[in-house]
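Computed from a predicted model, the values in this text were never measured in an experiment.
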Amino acid sequence: MKELKDTQNERDDRQLPIDRVGVKGLRFPVEVRDKDGSVQRTVSTVALAVDLPEHYKGTHMSRFVEVLNSHGGCLDVRSMAALPKELLERLDAGKAHVEFQFPFFRSKPAPVTGKHGMMDYEVKFEVEAKRDEPLDFVVTVMVPVATLCPCSKEISERGAHNQRGVVTYSVRFREPVWIEDLIDLVERSASCELYSLLKRPDEKAVTETAYDNPVFVEDLVRNVASRSDAHSEIVWYKVEAENFESIHNHNAYAVIEKKLS
C-alpha cells in the first residue's frame with residue numbers, strides 16, 4: 001500500500017504561530033459527583049485545542065478525538081483534568097486547553113410546600129496545561145436568578161418591576177469546591193432564587209421575598225463578589241450578571257473580576 005502524505009507536518013513559511021487550534025462542538029458523556037455523594041451522568045459539549053508553532057502547516061485533528069475516546073465511553077472530572085497534558089504529548093505542543101460544558105441538575109424543593117422539581121444549570125470546566133507548569137483549572141456556573149428593581153420599588157405606589165437574569169460565575173480555587181456551593185452562593189446574592197415547580201403558596205412567598213430584597217445588577221455582582229472574597233478556597237473569580245429587563249428594550253449588565261492571592 002502506498003504511504004499517504006502527511007500534509008500537516010509540512011513547513012509553513014508565513015512565520016505566524018497559532019494560539020489555539022483544535023476541535024470543538026464534540027458531544028461526549030460525562031460523570032459528575034454530586035455533593036451528596038451520588039454520581040450524575042450528563043452530556044458535555046467539548047472543545048480541545050493546542051498551540052501550533054509557526055513552522056507547522058497544520059495540526060492532526062484526529063488525534064484530539066483519539067485522546068478523548070481513549071478514556072472509554074464516559075469521562076469523570078479526573079479524566080478531564082488529565083486531558084491537556086495528554087494532548088501536549090500526543091501533539092507535541094507547548095500549551096493545551098480543554099473545555100467541557102454540560103447541564104447540571106438539582107432536585108429543588110419549593111419554599112413553602114416543599115414540592116420538588118428539577119432545576120438545570122449550565123456548568124463549564126476549563127483546564128489549561130503548559131509544559132513544566134501547574135494545571136490551570138477554572139469552574140464556571142451559569143445560574144438563573146430573579147431581581148427586583150430598587151428604584152422601581154422606591155418610586156411606585158403599587159409594586160415594582162422585576163425580571164429574570166443570569167449570573168455567570170467563574171472561579172479558581174486552592175482546593176476543589178462543589179458545584180452546588182457555587183450555585184447556592186449566587187442564588188443567595190439575588191432578590192430571589194428560581195424554581196421549576198411552584199404552587200400558589202410558593203408563588204406568594206417568592207413574590208414577597210423578591211419584593212423584600214430589591215437589587216440592582218450592580219448589587220448582584222457586588223453581593224457575589226463579597227461572598228467570594230470571604231470564601232477560604234477561592235483565589236480568583238469573575239462574576240458577570242445580565243438582567244433581561246422587563247420594562248426596557250435592553251438588558252442591564254455588570255462584571256467584577258478579582259484575583260485574591
Residues that, via side-chain heavy atoms closer than 4.5 angstrom, fall in one hydrophobic cluster with Ile155: none

Note: Lys95-Asp19 ion pair, threshold 4.0 Å (strictly below): no

Thr209, Val215, Val206 screened by side chain to side chain contact (heavy atoms under 4.5 Å, CB included) with Ser191, the one that passes: Val215

Donor + acceptor pair across side chains of Tyr237, Glu257 (<3.5 Å): no

Parallel, tilted or perpendicular: ring planes of Phe125 versus Phe137, cut at 30 and 60 degrees: perpendicular

Chi angles and distances behind the side-chain contact (heavy atoms from CB on, under 4.5 Å) call for Val127, Glu99: CA-CA 7 Å; Val127 191; Glu99 294 181 14; over 6 Å; no

Heavy-atom neighbours of Glu154 CD exceed 12 at 6.0 Å: no

Lys/Arg N to Asp/Glu carboxylate O, Glu203 vs Lys199, below 4.0 Å: no

Linked hydrophobic residues, Phe216 as query - side chain contacts closer than 4.5 Å: none

Close side-chain approach of Arg172 to Asp136, heavy-atom, < 4.5 Å: yes

Verdict with supporting geometry, Asn251 and Glu245, side chain to side chain donor-acceptor pair (under 3.5 Å): CA-CA 5 Å; Asn251 294 342; Glu245 290 289 323; over 6 Å; no

Parallel, tilted or perpendicular, as decided by the 30° and 60° cut-offs, for the rings of His161 and His248: perpendicular

Distance-only side-chain donor-acceptor flag, Ser189 / Arg227, under 3.5 Å: yes

Check ion pair Arg174-Glu233 (N to O, under 4.0 angstrom): no

Polar side chain donor-acceptor pair, Ser226 to Asp229, under 3.5 angstrom: no

In one Ile/Leu/Val/Met/Phe/Trp/Tyr side-chain cluster, 4.5 Å: Phe100, Tyr121: yes

Side chains of Glu122 and Gln101, donor plus acceptor under 3.5 Å: yes

Electrostatic pair Arg20-Asp51, nearest N-O below 4.0 angstrom: no

